[in-house]
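Here's the structure we're looking at; comments come further down.
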Protein chains: 2
Amino acid sequence: MATNCTNCPLRGLDLFVPLTEDEVAFMKRFKTGELTVQKGTQILMEGSNSPQLFTVLRGMGLRYKMLEEGRRQVVNFAFPGDFIGLQAGIMGEMKHSFEASTKMTLCVFARSDIWNVFKNQPQRAFDMTWSSAAEEHFLGDALASIGQRTAIERIAWAMVRIFRRAEALNMTQGQSMPMPYRQQDLADALGLSLVHTNKTLAKLRDRQLASWSDGTLRLMNVEKLAQLAQVDLEQEERRPLM
Amino acid sequence: MATNCTNCPLRGLDLFVPLTEDEVAFMKRFKTGELTVQKGTQILMEGSNSPQLFTVLRGMGLRYKMLEEGRRQVVNFAFPGDFIGLQAGIMGEMKHSFEASTKMTLCVFARSDIWNVFKNQPQRAFDMTWSSAAEEHFLGDALASIGQRTAIERIAWAMVRIFRRAEALNMTQGQSMPMPYRQQDLADALGLSLVHTNKTLAKLRDRQLASWSDGTLRLMNVEKLAQLAQVDLEQEERRPLM
DNA sequence: CGAGTATTTGATGCAGTTCAACGCTCGTGG
DNA sequence: CCACGAGCGTTGAACTGCATCAAATACTCG
């Protein structure tokens with residue numbers, strides 16, 4: 001059976017700010033359906049004017065931009081709870097593409113209802129803006145990583161970031177978590193070549209800091225990784241779920 | 001005399017979506033004052049919990065993040081009309097610092113009034129979200145530039161982007177515009193060393209594409225630069241002014 | 001089992017970093 | 001009024017982190 005907001009499996013997580021009953025009722029109406037796609041499916045296309053917004057319910061994906069000559073920049077990895085497509089919803093056109101890296105289920109909303117949210121549900125509108133501000137914050141951090149850090153620091157940074165997101169979603173088991181991406185995806189996210197990414201991953205394995213194979217990421221020493229990457233391990237703030 | 005929204009010098013520009021009289025009246029109340037600072041002044045500090053938001057009225061500045069060991073990432077250059085501090089306003093804490101590169105005048109708003117905007121001025125709330133989405137879009141582009149392009153492409157990209165913003169604000173005279181930043185600022189924005197930035201600027205000068213000296217940027221061949229940087233020169237969309 | 005996709009490894013080269021030094025301009029204080 | 005130092009831009013030389021090229025080894029799936 002499709003999830004109906006009331007029984008949303010994400011809502012209960014500590015990561016998310018609880019919704020009032022009113023808000024849940026509103027979300028039920030706002031939600032127009034559910035979309036399940038196979039791994040590899042393109043869900044949003046750069047430049048497209050999608051009539052839909054999504055919240056990731058299950059599965060993982062990635063946002064990316066294509067440049068000429070096949071160069072690609074992965075902008076972010078997507079986890080359950082991520083709100084996708086707000087750019088198109090607000091600005092009229094997607095500025096990056098979105099693709100499923102696993103089988104995914106997404107809650108679907110209509111872009112045409114956004115104005116209604118701003119008009120009648122200011123709290124939910126505020127929460128949407130929060131999402132956008134949070135993404136802006138993340139991109140600033142990513143820019144700093146790619147602009148200023150070495151290859152090993154960048155990879156350590158990405159691993160810590162990814163792992164902590166997974167933790168907050170109860171997707172980890174001890175030191176491990178599912179990592180359904182390809183090395184090429186990570187390389188494209190960090191502005192590194194595939195070859196160098198592979199060799200740097202080997203270094204982290206040799207140093208007993210992290211290993212990633214067969215779709216499983218394992219962080220053997222988060223503290224050292226965090227230190228290497230210069231990220232602080234402070235508790236992540238609660239965030240709204242759309 | 002202080003500007004009072006009605007006689008705001010920015011409002012009339014084609015770049016900005018016109019405001020209704022109601023909205024102007026609201027902005028007058030929302031605006032709590034005006035701040036003028038000398039060049040070099042720090043206006044917002046990363047990690048601070050600023051009670052204020054700003055719209056740049058005059059002057060230019062830059063947003064940046066500091067990393068350990070003095071590494072710095074310039075996140076964006078700020079122009080008149082830019083809305084600054086929304087992150088702190090929404091998420092409670094600034095994620096980057098902001099500094100004036102020239103003498104600047106800023107319109108000041110109270111963070112505590114934001115909720116009031118969402119509650120009573122949904123159109124203005126929507127516009128704030130638009131700002132945030134636009135910044136997110138820009139950061140995605142910047143990420144792609146730094147992650148995927150060579151030094152000369154990055155610099156060409158930055159110059160075209162900066163010049164086109166200035167054009168939309170009538171800050172250009174023919175091929176020229178004021179460029180009150182240091183080479184180090186550009187280097188830190190593009191993830192390049194100062195030395196290499198300098199040498200790459202020399203290349204662009206030799207190629208007769210662009211020259212930058214004495215605080216003036218001159219683009220001799222925007223088309224070639226845009227082609228080199230792989231940016232498209234499409235007309236920029238109108239955007240809201242806060 | 002063969003074709004396509006992903007990971008791994010070695011070898012070579014270069015774009016960009018780092019180090020070092022010099023020139024110019026401007027503000028400050030003796 | 002000049003000396004001095006600080007900040008910024010410029011240039012040369014040497015080094016290196018990472019890209020590129022090439023090829024072998026797994027893995028997956030029809």
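Just so it is clear: chains get the letters A, B, ... in the order the sequence lines come, proteins before strands, and each one is counted from 1. Basis for what follows: all heavy atoms, side chains included, without hydrogens, waters or symmetry-related copies.
Distance, Gln184(A) CD to dT8(C) C1': 14 Å, rounded to whole Å. Protein atom CG of Asp188(A) is 15 Å distant from nucleotide atom C1' of dT7(C), rounded to whole Å. Whole-Å rounding puts the Trp212(B) CH2 to dT10(D) C1' distance at 14 Å. Summarising the geometry, the separation between CG on Leu201(A) and P on dT7(C) is reported as 9 Å, rounded to the nearest angstrom. With rounding to whole Å, Met179(B) atom CE is found 10 Å from dG9(D) atom P.
Around atom CD of Gln235(B), no more than 12 heavy atoms belonging to other residues, nucleotides or ligands sit under 6.0 Å away.
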Sequence-aligned protein contact record of nucleotides 17-30 of chain D, with B where the base is within under 4.0 Å of a protein heavy atom and S where only the sugar-phosphate is: -BSBB---------

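Side-chain atoms of Gln183(A) and Asn198(A) form a donor-acceptor pair, as typed in the model, at a separation below 3.5 Å.
A salt bridge links Arg165(B) and Asp82(B); the closest N-O separation between the charged side-chain nitrogens and carboxylate oxygens is under 4.0 Å.
Considering only side-chain N and O atoms, Gln183(A) lies under 4.0 angstrom from the phosphate OP1 or OP2 of dT8(C). Considering only side-chain N and O atoms, Asn198(A) lies under 4.0 angstrom from the phosphate OP1 or OP2 of dT8(C).
Shortest non-hydrogen contact noted between Val37(B) and Ala100(B) is CG2-CB, 3.9 Å.
Judged by distance alone, the side chain of Lys65(A) and the main-chain N or O of Lys95(A) form a donor-acceptor pair under 3.5 Å. Judged purely by atom type and a 3.5 angstrom limit, Ser145(A) has no side-chain atom pairing as donor or acceptor with the backbone of Ala142(A).
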